Amino acid sequence: MSSKLTLNSMEIDSVYKLRDILSEKLIKILKSKRPIIFLCIGTDRSTGDSLGPLIGHKLQNILSDEFVLYGTLENPVHAKNLCSVIEEINLKYNDPYIIAIDACLGSFQNIGNIVIEEKPLSPGSAMNKDLPSVGNLSITGIVNMSGTLEFMVLQNTRLYTVMHLADVISRGIYHSILKTVGSKKKSNFNLTLSNTIESLKIKYK
């Protein structure tokens, strides 16, 4: 894959585009036997910043044994504990491949886009927080418009936008895993995916 790719989450095939991008990378990492960590960053106390924990929540019961998950609604990874979580990961796993996932702000026309980059993610940059960069691969969802008073912008972000991005990203991740290693929990998740695709088809008729 190229160093930076952008997907429009409102496109009907966005799940499958994300699946193909991620599976291309996952196949190589799985062959190298490196542990793969999904690190979902954010907090459930702010609508705009809840993308990571929502994705973690959706993934926690469907990931196969080859993958490790940090960051859910119940146990979020945020500014206050990020450093300790990174330290734990590096102590517990040998040469982990970390896929860091977070919300971000961008231009108005890019709201709803998903950005995949082969570089570390810089969490809290919109809020001028001094946090360590993390990840070998980063996935960010643009939830709202950047500018002034980012804290207020995140607090007043539409839940629909965040939930839609969380659905697309979690399904893209899940289907990339199906494509590379398979899963026993395929049927229920595929049923949910089919329902979402049908609703999008109706919306764009």
Side-chain angles (χ1 to χ4, degrees), residues 5 7 9 14-15 18-19 21-23 25-26 29 34-90 92-93 96-106 112-127 129 131-144 154 157 159 161-178 180 183 185 189 192:
L5 294 168
L7 303 176
S9 69
S14 58
V15 168
L18 182 57
R19 175 201 64 186
I21 291 167
L22 293 179
S23 61
K25 176 58 62 176
L26 290 178
I29 303 304
R34 294 173 67 184
I36 298 176
I37 314 290
F38 286 100
L39 179 60
C40 302
I41 302 169
T43 174
D44 59 342
R45 296 177 182 271
S46 169
T47 304
D49 203 24
S50 64
L51 178 64
L54 281 168
I55 292 170
H57 178 76
K58 291 172 180 291
L59 291 176
Q60 62 185 343
N61 294 320
I62 58 173
L63 285 181
S64 59
D65 295 338
E66 291 84 355
F67 305 91
V68 180
L69 174 68
Y70 282 85
T72 63
L73 288 175
E74 183 178 6
N75 297 296
V77 176
H78 44 65
K80 292 183 178 180
N81 66 358
L82 177 62
C83 292
S84 62
V85 169
I86 293 173
E87 183 179 356
E88 177 185 328
I89 290 171
N90 289 326
K92 195 171 182 179
Y93 301 98
Y97 185 86
I98 299 175
I99 299 174
I101 303 169
D102 198 5
C104 70
L105 301 175
N113 283 356
I114 300 164
V115 181
I116 307 103
E117 296 184 86
E118 285 195 291
K119 71 172 191 178
L121 184 149
S122 299
S125 57
M127 304 293 295
K129 292 182 179 177
L131 297 172
S133 297
V134 61
N136 304 92
L137 183 77
S138 63
I139 302 174
T140 52
I142 301 175
V143 298
N144 211 331
L154 287 171
T157 294
L159 181 58
T161 302
V162 179
M163 288 296 294
H164 176 74
L165 281 165
D167 284 342
V168 172
I169 294 172
S170 61
R171 290 183 179 124
I173 290 171
Y174 178 71
H175 281 273
S176 71
I177 292 170
L178 281 183
T180 53
S183 172
K185 306 192 179 197
F189 206 83
T192 306

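All values derive from a computational prediction rather than experimental measurement. Atom set for the values below is all heavy atoms of this structure, side chains included, hydrogens, waters and symmetry mates excluded.
Taking both residues in full, the closest heavy atoms of Glu117 and Leu137 are given as O-CD1, 3.3 Å, listed atom of the first, atom of the second, then distance. Closest heavy-atom contact between Lys58 and Ser170: CD-OG, 3.4 Å. Heavy atoms only, all atoms of each residue included: Ser14 and Ser9 are closest at OG-O, 3.2 Å. Thr43 and Pro53 get closest at one heavy-atom pair: N-CG, 3.7 Å.
Not counting sequence neighbours, the partners of Thr157 by the side-chain contact (heavy atoms from CB on, under 4.5 Å) test are Val143, Asn144, Val162. Take Arg34 and apply the side-chain contact (heavy atoms from CB on, under 4.5 Å) test, not counting sequence neighbours, and it matches Ile29, Ser32, Asp95, Tyr97, Asn136.
Atoms CG and CD1, from Asp49 and Ile41 in turn, are 9.5 Å apart once rounded to the nearest 0.5 Å. To the nearest 0.5 angstrom, Arg19 atom CZ is 11.0 Å from Thr180 atom OG1. Here Ile139 contributes atom CD1 and Cys104 contributes atom SG; the two are 12.0 Å apart, rounded to the nearest 0.5 Å. Once rounded to the nearest 0.5 Å, the distance linking OG1 of Thr47 with CE of Met163 reads 11.5 Å. In this structure, CD1 on Ile116 lies 9.5 Å from CG on Asn113, to the nearest 0.5 angstrom. A distance of 6.5 Å separates CG in Leu121 from OG1 in Thr140, rounded to the nearest 0.5 Å.
Leu69 is listed as a side-chain neighbour of Cys40, based on a closest heavy-atom distance under 4.5 Å. Using a 4.5 Å heavy-atom threshold, the side chains of Leu7 and Ile21 count as touching. Side-chain contact between Val134 and Pro120 is absent, with no heavy-atom pair separated by less than 4.5 Å. Looking at heavy atoms from C-beta onward, Phe67 lies out of side-chain contact with Ile99 at the 4.5 angstrom threshold. Residues Pro96 and Asn90 form a side-chain contact, since some pair of their non-hydrogen atoms from C-beta on lies under 4.5 Å apart.
Within the 3.5 Å criterion, the main-chain N or O of Gly112 finds no donor-acceptor partner in the side chain of His164.
Applying the side chain to side chain contact (heavy atoms under 4.5 Å, CB included) test between Ile169 and each of Leu54, Leu22, Ile55 identifies Ile55 as the sole match.
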- Task: Could you give me the CA-CA distance, side-chain angles and deciding distance for Leu154 and Leu105, then say whether side-chain contact (heavy atoms from CB on, under 4.5 Å) is met?
- Result: CA-CA 8 Å; Leu154 287 171; Leu105 301 175; 3.8 Å; yes

Would you give me the side-chain donor-acceptor pairs under 3.5 Å for residues 76-88, sequence neighbours excluded?
residue: His78; atom: ND1; partner: Lys80; partner atom: N; Å: 3.3
residue: Asn81; atom: OD1; partner: His78; partner atom: N; Å: 2.7
residue: Asn81; atom: ND2; partner: Pro76; partner atom: O; Å: 3.0
residue: Ser84; atom: OG; partner: Asn81; partner atom: O; Å: 2.8
residue: Glu88; atom: OE2; partner: Tyr70; partner atom: OH; Å: 3.1

